[in-house]
Structure formats: structure tokens, C-alpha cells
2 protein chains.
Amino acid sequence: MAIFTKGVHCGSCNLKMNLFCYLSDEQLDIINNDRYEVHFHKGEVIFKQGGPLTHIACLTSGLAKVYIEGHDKKNMILKVLKPTELVGGPGFTVDYRQHFSVSTLSESSACLIDIRAFEKMIKTNAEFSFAFIKYLNETTIALHDKLMNLTHKQMHGRIADTLLYLSKEIYRSSTFDTPLTRQDLADMSAMTKESAIRILKELKDDNIIDFNSSGFNILNEPGLIQISITG
Amino acid sequence: MAIFTKGVHCGSCNLKMNLFCYLSDEQLDIINNDRYEVHFHKGEVIFKQGGPLTHIACLTSGLAKVYIEGHDKKNMILKVLKPTELVGGPGFTVDYRQHFSVSTLSESSACLIDIRAFEKMIKTNAEFSFAFIKYLNETTIALHDKLMNLTHKQMHGRIADTLLYLSKEIYRSSTFDTPLTRQDLADMSAMTKESAIRILKELKDDNIIDFNSSGFNILNEPGLIQISITG
DNA sequence: AAATCATGTTGACATTTGTCATTATTTTTC
DNA sequence: GAAAAATAATGACAAATGTCAACATGATTT
């Protein structure tokens with residue numbers, strides 16, 4: 001678990017950017033007063049599944065993965081987190097335990113917000129609460145989408161979805177270098193790493209994508225989208 | 001879509017049972033004033049995916065299924081709804097469209113609550129809003145669970161999960177008769193109906209379960225749980 | 001530079017799962 | 001009650017996917 005080495009105020013994380021814009025200056029002060037910036041090395045765990053939910057995190061630099069840990073190292077990566085996204089956890093208001101793990105894919109920083117301060121805002125500011133409900137519902141819609149993609153598409157479609165997600169949502173570029181390993185790509189696509197490698201090779205052979213040690217390049221995005229649709 | 005044949009006040013749906021217990025009598029009056037009870041025949045659609053989200057429903061009698069419609073009639077049943085459960089929809093606060101369909105599995109009644117009245121309660125009552133957030137988070141936890149089960153378990157484990165869900169959560173009995181078809185059981189377990197039939201037969205041959213035209217009987221629950229775990 | 005370790009790749013093979021055709025059974029309709 | 005339609009069941013087969021073993025590559029340590 002994250003250790004608060006020092007109480008450094010997090011200046012790089014402008015809370016007003018997120019749903020915190022609904023807070024009054026006074027309320028913002030309350031949250032600002034006990035939030036801390038923590039630096040994480042590559043591969044370190046920010047939140048651990050099963051552990052206590054004491055804080056909400058806002059990734060301020062670097063990249064992280066949010067994943068559910070299953071049996072036999074069979075993990076499922078729910079999403080990739082980039083600055084300056086929030087990550088809470090559905091245990092909030094329920095059992096105050098983490099229902100997924102979050103770990104960094106590169107050197108990263110995160111701003112940790114005390115869950116009690118967050119909870120107070122929810123209970124005292126209805127606009128803020130409403131915005132948070134919207135955030136939760138958007139998460140649910142994304143989860144539904146993932147559920148359908150992973151259960152109703154074959155491997156080619158699932159890998160296409162993963163590549164399009166990285167290209168469009170995370171890196172916003174048709175070429176990108178990524179610290180995600182083949183195992184990570186497999187964990188995002190619900191398959192073994194061997195299968196992921198095979199499908200990637202096929203897509204490369206068909207000139208839909210290209211890749212080497214320095215990253216991926218989507219050569220034929222319409223083709224990749226077609227594969228994503230036909231599954 | 002549901003047609004409001006008549007403005008019949010819904011007496012059988014005691015809103016105080018659900019999260020509505022956080023409302024003041026005054027607020028409860030506001031919601032009570034424009035809610036209606038509607039009867040649905042077996043197989044009728046209460047909410048249609050893609051359609052407008054104008055109401056929240058509380059099933060007051062009967063049974064319904066909540067499902068995402070995919071391509072080629074490949075549906076995914078998210079949950080079975082029984083009295084007196086609420087069903088909203090993640091489109092609330094987002095795009096005000098339905099992101100899943102709800103249809104009845106038997107003759108049913110539902111109490112429909114205007115989404116604007118509901119939204120007003122969210123915005124004016126922080127305790128209510130907090131309870132609703134808890135409800136949303138519980139839904140998300142259940143979705144995570146489903147995602148893991150469906151992507152990381154083989155068919156035997158998935159069918160076992162479905163049977164245990166029906167037995168424990170829905171019917172609360174080791175024997176139950178259900179209007180769910182084999183296709184429905186398959187749609188809950190992310191497989192084809194032929195596969196569902198085959199697995200059910202295997203479980204029957206192994207004396208883990210029994211079934212006939214009048215319903216299911218779980219003979220060896222520990223065995224079924226073991227299958228669910230080893231997947 | 002050698003050694004070690006993590007990650008990536010490939011091939012052979014077994015298993016799982018879906019598809020399709022066919023027949024039985026049940027339910028609904030007339 | 002007969003006919004039609006929906007649902008259930010079964011078998012043969014093909015396709016998708018995982019498993020395992022082997023080896024390659026690259027990064028890190030010594």
C-alpha cells in the first residue's frame with residue numbers, strides 16, 4: 001500500500017478540472033487541506049484489491065492500470081488511467097474495501113484525497129453529488145460495453161477493441177509507444193498472452209497494424225474498426 | 001414501450017421500503033403524486049434499449065429480465081428482477097437513454113416514477129442521494145463479479161453461477177420453477193443454448209442437479225459451488 | 001562480458017465451444 | 001383436438017482458444 005512519506009501538497013492536480021468544479025471555494029479548502037501528492041515507481045501498487053478504501057486518487061502524472069485480480073494470476077484490466085483522471089472504487093459507501101487494484105505502468109504521481117472529506121462533500125453538496133452520480137453512471141455504461149465486447153466477440157475483435165481504446169482514448173494517436181506488456185494487452189482482452197501475440201502478428205501480416213520494440217502503429221484504422229464490429 | 005393506460009396510483013409498491021425511506025413525507029408526496037402502476041403481460045417490454053429514459057421502475061409483482069441487446073440476437077441478461085426491486089438505468093444523468101432493455105418473464109406489474117421527480121429528490125436530498133450512490137456502487141460490484149465470472153470461467157462454472165444465482169438470490173430455494181428458457185439461461189451464462197443444454201444434462205447425469213418440465217432442483221449444492229469456483 | 005531474469009515468439013497439440021442439421025417435446029393457436 | 005409454432009435435446013463436425021514446451025530477445029545484475 002501507498003505510504004505517505006511526506007505531507008506534500010499536490011499543486012499539479014487542479015481539482016477544479018474534474019467534478020470538483022461544483023465545490024465552493026470553502027469546500028475546496030476542506031479537501032485541499034488534507035490531500036497529498038505521492039510519487040510511485042513503475043509497477044508499484046496504489047490501491048490493492050481487498051485492502052481498505054481510505055482515499056480517492058487523482059493520477060497527476062504517469063500511467064496506471066486498474067485491474068481485478070482473479071485466481072491463478074488471471075487478471076482483468078478494466079481501464080488504463082492517465083492524468084488527471086480520478087479513481088475511486090465501488091467499495092465507497094458500501095464496504096469501504098478496494099474491489100480492484102491500481103498499479104503504475106510508469107513513474108507516476110497521484111494526489112490522494114481522504115475519503116471522509118470526499119464523503120462530506122457528497123453529503124453536503126447536492127450538485128457535487130449529482131455530478132458524481134453522472135461519473136458513476138458513465139463508468140457503468142463503459143462496463144456494459146466491456147462486458148458485451150468480451151463475451152460476444154472473438155479474439156480478433158477483442159484485440160481490435162483494445163488497440164482502438166489505446167489509440168483513441170489513451171494516446172490519442174494512431175502511433176503510440178506503451179509500457180503495457182503483451183500480458184497486459186491479453187488481460188485487457190480476456191485471452192492468454194500467446195493468443196494476443198498470435199492475433200497481433202496476424203494483424204501485422206495483414207498490414208492493419210505495425211509494431212516493433214518502440215511501439216504500435218495503426219496503419220488501417222477503418223479495417224481495424226471493421227474487425228472490432230464483426231468480432 | 002409502456003403505455004400509461006390510466007393514472008392508477010400504485011398502492012402495492014411501498015416506496016419507503018427502498019432507498020426512498022430517506023425522503024421526508026413531503027418529498028414522498030411529490031413522487032407519489034405522479035407515479036403509476038402499469039400491468040404487463042408475459043414477454044412485454046418495460047424499457048427498451050436505445051429508447052428514452054423517462055421513468056424509473058419498481059417491479060411490484062411478477063418477474064422480469066434486464067438484458068443488453070447485442071448483434072444477431074446475442075443478448076446478455078444482466079439480472080433477474082423481482083418485487084420490489086428498482087430498475088433505473090445508467091443513462092440517468094448521462095444521456096437519458098436506455099442502455100439495456102427490461103422485459104417481463106411472467107404477468108407483472110410495475111410502478112413507474114417520473115425521472116424528473118426522481119432527479120429533484122437527488123438534487124435536494126443529500127441523504128437520498130448518498131443512498132442512491134450506494135445502490136449504484138453495489139451494482140458496479142456485481143458487474144465486476146459478472147465480468148470476471150464470464151470471462152475467466154469455463155462453461156460449467158458459468159452455468160453453476162447462473163443456477164446458484166437463481167437458487168440463492170432470486171428464488172431463495174434449492175428447488176424452483178422458472179419461466180426462464182434455456183436460451184435465457186444461456187444468455188445469463190454467455191454461451192449458446194445448445195451448450196447450456198449440454199452442461200445442464202451433464203450436471204443432471206452427475207446428480208448435482210435435477211430438472212424436468214416443472215423446474216430445477218439443486219441436489220448437491222456444495223458440489224455446484226465447487227464447480228463454480230474451479231470454473 | 002557473462003549470467004540471470006523477464007518478456008516475447010513460435011509450433012504442436014488438446015480442449016473447449018460454436019454451428020448446423022435433425023428430431024423430440026411442449027405450448028399455443030385455430 | 002389438430003395444426004402450427006416455439007422450445008428442448010442430441011449428434012456430427014468445424015472453428016476457436018488454451019496449454020505446454022521450446023527457444024529468442026532484451027534488460028538488468030554481477
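The shown structure was predicted, so the numbers you read here are calculated from the model rather than taken from an experiment. A, B, ... follow the sequence lines: proteins, then strands. Residue 1 opens every chain.
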* Asked: Step by step, would you call A:Lys79 with A:Glu85 a salt bridge (Lys or Arg N to Asp or Glu O under 4.0 Å)?
  -> CA-CA 11 Å; A:Lys79 65 180 295 186; A:Glu85 269 191 285; 2.9 Å; yes

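When the P atom of D:dT7 is taken as reference, atom CG of B:Leu185 falls 13 Å away, rounded to whole Å. Between A:Met155 atom CE and D:dA16 atom P the separation is 9 Å, expressed in whole Å. Computed from coordinates, the B:Lys193 NZ to D:dA9 C1' distance equals 10 Å when rounded to whole Å. Between B:His152 atom NE2 and C:dT16 atom C1' there is a gap of 17 Å when expressed in whole angstrom units. Summarising the geometry, the separation between NZ on B:Lys73 and P on C:dG18 is reported as 19 Å, rounded to the nearest angstrom. Taking atom NZ on B:Lys153 and atom C1' on C:dT17, their separation rounds to 18 Å, with Å as the unit. Atom CD1 in B:Ile159 sits roughly 15 Å away from atom P in C:dT16 (whole-Å rounding). Straight-line distance from the CD atom of B:Gln154 to the C1' atom of D:dT17: 10 Å, rounded to whole Å.
A tilted orientation is assigned to the rings of A:Phe100 and B:His144, their planes being inclined by 30° to 60°.
Between B:Glu194 and B:Arg182 no salt bridge is recorded (no basic side-chain N to carboxylate O distance below 4.0 Å). Looking at A:Asp114 and A:Arg35, no side-chain N of the basic residue comes within less than 4.0 Å of a carboxylate O on the acidic one, giving no salt bridge. Salt-bridge annotation for A:Glu69 and A:Lys74: absent, with no side-chain N of the basic residue lying under 4.0 Å from a carboxylate O of the acidic one.
Note on the helix from C:dA1-D:dT30 to C:dC30-D:dG1: terminal axis deviation equals 40°, with five pairs used at each end and the result rounded to 10°.
DNA chain C is contacted by both B:Lys42 and B:Arg158; B:Arg158 maps to the nucleotide lying nearer its 5′ end (nearest heavy atom per residue).
Side chain to side chain, B:Ser214 and B:Asp177 fail the donor-acceptor criterion of an N or O pair below 3.5 Å.
When side chains are defined from C-beta on, B:His156 counts as touching B:Ile199, because their heavy atoms get closer than 4.5 Å.
Applying the salt bridge (charged side-chain N to carboxylate O under 4.0 Å, His left out) criterion to A:Asp72, with sequence neighbours excluded, gives no partner residue.
Of the residues in residues 195-206 of chain A, A:Ser195, A:Arg198 come within less than 4.0 Å of DNA chain D through at least one heavy atom, sorted by number.
Distances shorter than 4.0 Å separate none of the side-chain N or O atoms of B:Ser213 from OP1 or OP2 on C:dT26.
Proximity note for A:Glu194 (side chain, C-beta onward) versus D:dT17, D:dC20, C:dT17: the nearest is D:dC20. Proximity note for B:Arg182 (side chain, C-beta onward) versus C:dT9, C:dT19, D:dA8: the nearest is D:dA8. For A:Met191, taking side-chain heavy atoms from C-beta onward, the closest of the listed nucleotides C:dT9, D:dC20, D:dG18 is D:dG18.
In summary, the aromatic rings of A:Phe92 and A:Phe118 are positioned with their centroids under 6.0 Å apart.
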